[in-house]
Q: 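This structure is in structure tokens; I'll ask about it shortly.
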Amino acid sequence: MAMHLLATTAKSVGEVTLMAGAGAFLCHRGILNESGTRTLSRVNLTVLLPALLYTRLSASISFELLGEAWGLPFCGLIFIALGFMFAWANLQMISVPEDVAPSIMVGTAFGNATSLPIVLLTTIVGAYPELVGKSETDPISLLSLYLPVQHLLMWLLGFNMLKSGAVRAAQGAQGAR
């Protein structure tokens, strides 16, 4: 069972890696520029992921599910708080420019918490339906109880932290002139 789970997980990670590699290739060849990657990222975060979550969520969400999985949104808060604490601890040990620290904090706190869990959860539960047990619940709907908290914090807290780092970098560049 462990080897099959490893192979299934490796396949999912391989698919994501292949897509990222295709993007890197398109950038390297000049087909996709920085503006294009920014646009694709925004489309992914604002249209594609919410659409996936909505289509999966609308079919299987219920008050019963909310009653059973009420802790998942709190897990999102805990996960992100631990990420910030881990980043802060690491920043205490290394020396980085002041304008770079917010990017490290945000990158560590939010990590790959958006797309990768969807791919892994879908693949693993697809390969091992017994992991879900007797529940008829779509695993994506469980994840969708966590992701809104993550997205809310990412856009409210993470975006403002990155913006403050960019402002500090711009001020530093003006001061250097």
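When reading the values below, keep in mind they use all heavy atoms of this one structure, side chains included, and skip hydrogens, waters and symmetry mates.
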Q: Met85 and Leu91: same hydrophobic cluster, using ILVMFWY side-chain contacts below 4.5 Å?
A: no
Q: When rounded to the nearest 0.5 angstrom, what distance separates CZ in Arg38 from CG in Asn33?
A: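 Between atom CZ of Arg38 and atom CG of Asn33 there are 9.0 Å.
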Q: Please check: side-chain N/O of Asn90 versus main-chain N/O of Phe86, any donor-acceptor pairing under 3.5 Å?
A: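 A pair under 3.5 Å: yes.
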Q: For the hydrophobic clusters of this structure (ILVMFWY residues joined by side-chain heavy atoms under 4.5 Å, transitively), does one cluster hold both Phe110 and Phe74?
A: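 Looking at the clustering, Phe74 is in the same group as Phe110.
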Q: Around atom CD of Gln92, are there more than 12 heavy atoms from other residues, nucleotides or ligands closer than 6.0 Å?
A: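 For Gln92, atom CD is crowded (more than 12 foreign heavy atoms under 6.0 Å).
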Q: Considering all heavy atoms of both residues, which atom of Thr37 and which atom of Cys27 are nearest to each other, and what is their separation?
A: CG2-SG, 3.5 Å
Q: Under 4.5 Å between side-chain heavy atoms, hopping through other hydrophobics if needed: is there a path connecting Ile78 to Ile80?
A: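 The answer is no; the residues belong to distinct hydrophobic clusters.
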Q: Applying a strict under-4.5 Å side-chain criterion to I, L, V, M, F, W and Y, I'd like to know whether Val106 and Ile94 cluster together.
A: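 Shared cluster, yes.
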Q: Which atoms form the tightest heavy-atom contact between Leu157 and Phe84, and what is the distance?
A: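 Between these two residues, the closest heavy atoms are CD2-CE1, 3.5 Å.
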Q: Is it possible for you to say whether Leu82 and Ile104 belong to one hydrophobic cluster, with membership spreading through side-chain heavy-atom contacts below 4.5 Å?
A: no
Q: Does any N or O in the side chain of Thr39 come within less than 3.5 Å of the main-chain N or O of Ser35, such that one atom is a donor and the other an acceptor?
A: yes
Q: Do you know the tightest heavy-atom contact between Met161 and Pro102?
A: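 Smallest heavy-atom distance, with atoms named: O-CB, 3.1 Å.
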Q: Can you give me the closest heavy-atom contact between Thr108 and Gly83, atom names plus distance?
A: CG2-O, 3.6 Å
